[in-house]
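To start, the structure itself, in structure tokens.
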Amino acid sequence: QLQLVESGGGLVQPGGSLTLSCAASGFALDYYAIGWFRQAPGKEREGVSCERSSGGLPNYADSVKGRFTFSRNTAKNTAYLQMNGLKPEDTAVYYCAVDASGNCLGADGMDIWGRGTLVTVSS
């Protein structure tokens, strides 16, 4: 079964940090583009970051540039999203997803999605 499982969400104070994990099973992440998305209550889903299967620099939404960092660990078949300087507006359910084409084509191009992990930024 092809599956993605996110973890690492939780409650954090403004200015704090969290690292989200996206563990893949049933397939090798190396051959896929990996995207992180988020959806806040009452808002549309938003792309946060994406990295192509061929590597290179990940792209980031303007709202998270300089604060979030994408990475992947081939040996663990896991991708990560390091989030620093968290703000209340970062509160959302965060999802990881993969695109078999290997390219970052947006949410509609993603083939497999995780169930999400909730991040709440509040004092």
Hey, does [Y] have a side-chain heavy atom less than 4.5 Å from the side chain of [X]?
{"X": "Ser63", "Y": "Glu89", "value": "no"}
{"X": "Phe68", "Y": "Leu86", "value": "yes"}
{"X": "Leu4", "Y": "Val98", "value": "yes"}
{"X": "Ser122", "Y": "Pro88", "value": "no"}
{"X": "Thr78", "Y": "Ser21", "value": "yes"}
{"X": "Ser17", "Y": "Gln82", "value": "yes"}

How long is the span from the [atom1] atom in [X] to the [atom2] atom in [Y], to the nearest 0.5 Å?
{"X": "Arg72", "Y": "Ile34", "atom1": "CZ", "atom2": "CD1", "result": "3.5 Å"}
{"X": "Asp111", "Y": "Ser101", "atom1": "CG", "atom2": "OG", "result": "7.0 Å"}
{"X": "Asn103", "Y": "Ser53", "atom1": "CG", "atom2": "OG", "result": "6.5 Å"}
{"X": "Leu18", "Y": "Asn84", "atom1": "CG", "atom2": "CG", "result": "9.5 Å"}
{"X": "Thr19", "Y": "Tyr80", "atom1": "OG1", "atom2": "OH", "result": "9.5 Å"}
{"X": "Leu57", "Y": "Arg52", "atom1": "CG", "atom2": "CZ", "result": "9.5 Å"}

Just by distance, do the side chain of [X] and the backbone of [Y] share a donor-acceptor pair under 3.5 Å?
{"X": "Tyr60", "Y": "Phe70", "result": "yes"}
{"X": "Asp99", "Y": "Cys104", "result": "no"}
{"X": "Asn77", "Y": "Leu29", "result": "yes"}
{"X": "Thr120", "Y": "Leu11", "result": "no"}
{"X": "Asn59", "Y": "Ser49", "result": "no"}

Kindly assign one of parallel, tilted or perpendicular to the pair Tyr95 and Trp113, based on the angle between their ring planes and the thresholds 30° and 60°. perpendicular
Could Glu6 and Arg115 be called an ion pair, given the rule that one side-chain N must be under 4.0 Å from one carboxylate O? no
Sort out for me which residue in Val119, Leu20, Val93, Asp90 forms a side-chain contact (heavy atoms from CB on, under 4.5 Å) with Arg38. Asp90
Do Phe37 and Tyr94 have ring centres separated by under 6.0 Å? no
Where Lys76 and Asn73 come nearest, the two heavy atoms and their spacing: N-OD1, 3.0 Å
Consider only side-chain heavy atoms of I, L, V, M, F, W and Y, link residues closer than 4.5 Å, and tell whether Ile112 and Val48 are in one cluster. yes
Between Met110 and Cys50, does the side-chain contact (heavy atoms from CB on, under 4.5 Å) criterion hold? Intermediate values first, please. CA-CA 11 Å; Met110 295 294 169; Cys50 188; 4.2 Å; yes
